[in-house]
Peer 1: 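Following this message is one structure expressed as structure tokens.
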Amino acid sequence: MRRIIKKLLAEPLAIAGVVIIIFILLVAIFAPFIATHDPQSTFPANRLQPPSRDNWMGTDNLGRDTFSRVVFGTRIALLVSLLAISFATLLGLTFGIISGFAGGKIDSAFLIFFDIIKSFPALLLAITIIAITGPSLPMLIIIIGITRFPAYSRLVRAQTLRVKGHDYILAAKALGVSVPRIMIKHLLPNVLGPVFIQAAMDIPIVITFEAGLSFLGLGVPPPTPSWGSILRTGYSFLRIAPYMVIFGGAVLMLTTLGFTLMGETLRDFLDPKLRKVV
Amino acid sequence: MTGFIIRRLLVTVITVLGAMILLFVILQLIPGDFASVVLGPRATPDIIESFRIKMGLDQPIYVQLFNFIFNAIQGDLGQDVLSHLPVRILILQVLPHTIVLALTSIVVAALLGIPLGAYAAAFKGSWVDRVLGVISISAITIPSFLAGLLALLIFSVYLQWFPAMGAGQSGNIADQIYHLVLPASALALGWVGYLARIMRASMLDEMTEDYVRTARSKGLKESVVVFKHALRGALIPVIAVIGVGFGNLLGGAVLIEIIFHRPGLGYLIYTAIRTRNYPIVQGGLIIAVILYSLANLLADLSYGSIDPRVRSE
């Protein structure tokens, strides 16, 4: 752990990433204390106002304070990405380990299954399913998890294939250890490293994905504030009140930048082989 | 190589068939009776019944699935609920716009990203390299739909240099290019950064190769060594990545088409979803899956032709 921190502190871009992430995390945790207004209370008389002393980022079409909505939106962005990535990881680990461990026809069938999910443009698949089932937070997490998990499965499968021929696995088998126990006790700890990197690299992708869906009105249902829905309102009133797009966009950009910088540093550190690739 | 191509083709066909089955299953999830949902609350029972028979909804589910796939393979993607036009025609009308948008974006990204990456590699460690590195990563982290929104705000609303919506008059090439500038640039932005980084890494890799050392030891000028010898070798992996990029851009085009009100496959599917016009959603998604799979197939084949190890996987 200390080596990771030392490495992070040696790279200026990594420091920038960590600072941004800590800032975003603090904003999410202390949102009720930072926000200057209730993000959901409307003031129709005060609609579409430019930034002022009272409304630092202006107001939206219902007179809600954009700054407070941006602050609370941080929670949704982090919550969705955390839960969706956890779900994708869980699916990926389960399918990946079974696929790699079983081998043969089961493995081929799983590979084709992963390819089928991957063959859909993720956003279109998500739009279709959410349009049918109706937008909700659990649905959003499930859909994003499903569109992301093939990448984890392939990674876990490859790791499993690499590890399963090792002596200690063969020894466990010879001693009569049950297959589920081998998977959980012996394979799982060995495949977690790359999965962790993949998860870190996925955070900005999922945050963007959620923002895109909310932008289309298919993310977290209103009136819950999310960055995507702020951009959606901003897009409707772009000509008369561009502040929502400017501020909502800036925060979204800053957050994805922070997580990308950190994800890349972690990847370089935990998997030096990948360093050259990108 | 022939074996590899056949194997990849087979996998692509199976994937597309599997995707069709999955899509069929997803559309079964629509709550309530499909015909009543599509026709809306004002439809009489008679109309609903005749619609069910026309769409084959009165048949058992496995017959419906078989018909769905069989018809799709023959190019029959069903009928638009509103205009009664074949879905295939509606898709063919808008598809060129999406393909032009994605192709233009990837070409723009390559024309900007590759030289930037090569330049950064040639001056590795210098301030130019560092600045380009920061620019690349910033470009990657800006979501394309946000780039679209900001481009719209700056170049269309404030400066009024470019039009805000549409794809331009049909037949008027200049007008169409004029309408393409903002959406294509927004879509290309992230890939400029991505290609620049891949190109830089690939160039640095290439510069350690023996033939580059030989070129140097022959006394060739450094600029010739870098930009003539190393550049060529470094381009190969970048070109393969561009294949994958084209597939991704087809997906990324959805939000850009919606923001700029551009006709296209994504915009068509999105508006069809909003009006519950499911035959168009279904047909549009099948075409999207086929295009996406073909782009990935081409990328795989180009990887295979470059790197023999891929073929044996």
Side-chain angles (χ1 to χ4, degrees), chain A residues 12-13 16-17 108 111-125 127-134 204-205 207-209 211-213 215-218 227-228 231 234-235 238-240 242 244-246 248-250 252-261 264 275-278, chain B residues 11-12 14-19 21-23 26-27 29-31 133-134 137-138 140-146 149-150 152-153 156-158 164 194 197-198 201-202 204-205 247-248 250-255 258-259 265-266 269-270 273-274 276 278 281 284-285 288-293 296:
Chain A
L13 284 179
S108 308
L111 280 180
I112 289 175
F113 176 55
F114 304 152
D115 276 350
I116 289 172
I117 304 269
K118 259 179 49 192
S119 70
F120 281 93
L123 192 65
L124 281 177
L125 182 65
I127 292 174
T128 310
I129 298 179
I130 294 176
I132 290 172
T133 59
I205 298 174
I207 289 180
T208 307
F209 198 83
L213 282 173
F215 177 73
L216 296 177
L218 297 168
W227 295 339
L231 291 173
Y235 173 61
L238 198 59
R239 279 168 207 280
I240 42 176
M244 284 171 270
V245 166
I246 295 172
L252 177 61
M253 247 153 58
L254 187 73
T255 310
T256 51
L257 180 67
F259 280 107
T260 307
L261 291 175
E264 294 200 338
R275 217 172 283 177
K276 275 188 189 167
V277 181
V278 185
Chain B
V11 169
T12 305
I14 294 173
T15 310
V16 171
L17 280 177
I21 295 174
L22 183 66
L23 186 58
I26 291 172
L27 290 173
L29 296 176
I30 298 171
V134 173
I137 196 153
S138 308
I140 291 172
T141 53
I142 299 178
S144 62
F145 80 96
L146 184 58
L149 283 175
L150 294 175
L152 195 64
L153 181 65
S156 190
V157 174
Y158 281 133
Y194 188 55
R197 299 187 75 191
I198 292 181
S202 173
L204 291 178
D205 234 17
N248 284 342
L250 283 174
V254 181
L255 285 167
I258 292 169
I259 288 172
L265 191 58
I269 294 175
Y270 177 68
I273 284 174
R274 298 193 74 103
R276 298 178 181 271
Y278 289 113
V281 177
L285 275 174
V289 167
I290 292 174
L291 280 176
Y292 200 65
S293 302
N296 283 339

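Chain letters run A, B, ... following the sequence lines, proteins first, then strands; residues in each count from 1.
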Peer 1: Heavy-atom distance under 4.5 Å to chain B: side chain of A:Ala122, backbone, both or neither?
Peer 2: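 No part of it gets close to chain B.
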
Peer 1: Counting only heavy atoms closer than 4.5 Å, note whether B:Val254 contacts chain A via side chain, backbone, both or neither.
Peer 2: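 Interface part for B:Val254: side chain.
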
Peer 1: Is B:Ile142 in contact with chain A via its backbone, its side chain, both, or neither, using a 4.5 Å heavy-atom distance?
Peer 2: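 Backbone plus side chain of B:Ile142, per the 4.5 Å heavy-atom cut-off to chain A.
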
Peer 1: Provide the closest heavy-atom pair for A:Leu252 versus B:Phe145 in the form atom of the first, atom of the second, distance.
Peer 2: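 A:Leu252 and B:Phe145 have their closest heavy atoms at CD2-CZ, 4.2 Å.
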
Peer 1: I need the residue from B:Leu152, B:Ile259, B:Leu255, B:Leu22 with the largest number of non-hydrogen atom pairs under 4.5 Å to chain A.
Peer 2: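 It is B:Ile259.
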
Peer 1: Need one label for B:Val16: side chain, backbone, both or neither, based on atoms under 4.5 Å from any heavy atom in chain A.
Peer 2: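 Answer is neither: B:Val16 stays 4.5 Å or more from chain A.
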
Peer 1: So which of A:Leu123, A:Asp115, A:Thr128, A:Val245 has the biggest tally of heavy-atom pairs under 4.5 Å with chain B?
Peer 2: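 Ranked by heavy-atom pairs under 4.5 Å with chain B, first place is A:Thr128.
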
Peer 1: Roughly how far apart are B:Leu285 CG and A:Leu124 CG, rounded to 0.5 Å?
Peer 2: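 With rounding to 0.5 Å, CG (B:Leu285) is 5.5 Å from CG (A:Leu124).
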
Peer 1: For B:Leu291, is it the side chain, the backbone, both, or neither that has a heavy atom closer than 4.5 Å to a heavy atom of chain A?
Peer 2: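 Neither part; nothing is under 4.5 Å.
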
Peer 1: Considering only heavy atoms, which portion of A:Leu111 lies under 4.5 Å from any heavy atom of chain B: side chain, backbone, both, or neither?
Peer 2: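 Neither; nothing under 4.5 Å.
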
Peer 1: What is the distance from atom CG of B:Leu17 to atom OG of A:Ser119, rounded to the nearest 0.5 Å?
Peer 2: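 That separation rounds to 10.5 Å.
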
Peer 1: To the nearest 0.5 Å, what is the distance between CG on A:Leu125 and CG on B:Leu23?
Peer 2: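 Separation between the atoms: 8.5 Å.
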
Peer 1: Between A:Lys118 and B:Asn296, is a side-chain contact (heavy atoms from CB on, under 4.5 Å) present by the stated rule, with each step listed?
Peer 2: CA-CA 10 Å; A:Lys118 259 179 49 192; B:Asn296 283 339; 5.8 Å; no

Peer 1: Check whether A:Phe215 gets within reach of chain B through its side chain, its backbone, both or neither, counting any heavy atom under 4.5 Å.
Peer 2: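 It is the side chain, since no backbone atom gets that close.
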
Peer 1: Side chain, backbone, both or neither: which part of B:Ile258 has a non-hydrogen atom closer than 4.5 Å to chain A?
Peer 2: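 Interface part for B:Ile258: both.
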
Peer 1: State the CG-CG distance between A:Leu238 and B:Leu149, to the nearest 0.5 angstrom.
Peer 2: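 Output value for this atom pair is 7.0 Å.
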
Peer 1: Please state whether the side chain, the backbone, both or neither of A:Leu13 comes within less than 4.5 Å of a heavy atom of chain B.
Peer 2: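 Only the side chain of A:Leu13 comes within 4.5 Å of chain B.
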
Peer 1: Just how far is it from atom OG1 of A:Thr260 to atom CD1 of B:Ile137, taken to the nearest 0.5 Å?
Peer 2: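 Reported to 0.5 Å precision, the distance equals 6.0 Å.
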
Peer 1: I need the minimum non-hydrogen distance between B:Arg274 and A:Leu216, along with the two atoms involved.
Peer 2: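 Scanning both residues, the minimum pair turns out to be NH1-O, 3.9 Å.
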
Peer 1: Quick check on the interface: out of A:Pro204, A:Gly249, A:Gly217, who has the most heavy-atom pairs with chain B under 4.5 Å?
Peer 2: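 Looking at each option in turn, the highest pair count goes to A:Gly249.
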
Peer 1: Checking the side chain of B:Thr141 only, and the main-chain atoms of A:Thr256 only, is there a donor and an acceptor separated by less than 3.5 Å?
Peer 2: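 No; judged by distance alone, with no hydrogens or angles, the pair does not exist.
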
Peer 1: Using non-hydrogen atoms only, which part of B:Leu146 is less than 4.5 Å away from chain A: side chain, backbone, both, or neither?
Peer 2: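 Answer is side chain: those atoms of B:Leu146 sit under 4.5 Å from chain A.
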
Peer 1: Kindly indicate whether the side chain of A:Ile132, heavy atoms from C-beta on, has any atom under 4.5 Å from the side chain of B:Leu27.
Peer 2: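 Yes. Closest side-chain heavy atoms under 4.5 Å.
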
Peer 1: To the nearest 0.5 angstrom, please state how far the CD1 atom of B:Ile21 sits from the CD1 atom of A:Ile116.
Peer 2: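 Between B:Ile21 CD1 and A:Ile116 CD1, I get 7.5 Å after rounding to 0.5 Å.
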
Peer 1: Given a strict heavy-atom distance threshold of 4.5 Å, which part of B:Ile273 is in contact with chain A: side chain, backbone, both, or neither?
Peer 2: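 Looking at B:Ile273, just its side chain touches chain A.
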
Peer 1: Might you point out which heavy atoms bring B:Tyr158 and A:Pro242 nearest each other, and give the distance in Å?
Peer 2: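 In this case the closest contact between B:Tyr158 and A:Pro242 is OH-CG, 3.3 Å.
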
Peer 1: Please give me the minimum heavy-atom distance between B:Pro143 and A:Thr208, naming the atom from each residue.
Peer 2: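 In this case the closest contact between B:Pro143 and A:Thr208 is CB-CG2, 3.2 Å.
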
Peer 1: Where do B:Tyr292 and A:Phe120 come nearest, in terms of heavy atoms and distance?
Peer 2: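 So the two residues come closest at CE2-O, 4.1 Å.
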
Peer 1: Is B:Arg276 close to chain A through its backbone or its side chain, or both, or neither, when contacts mean heavy atoms under 4.5 Å?
Peer 2: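 Neither part.
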
Peer 1: Select one option (side chain, backbone, both, neither) describing which atoms of A:Ile127 are under 4.5 Å from chain B's heavy atoms.
Peer 2: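 Contact with chain B is through both the backbone and side chain of A:Ile127.
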
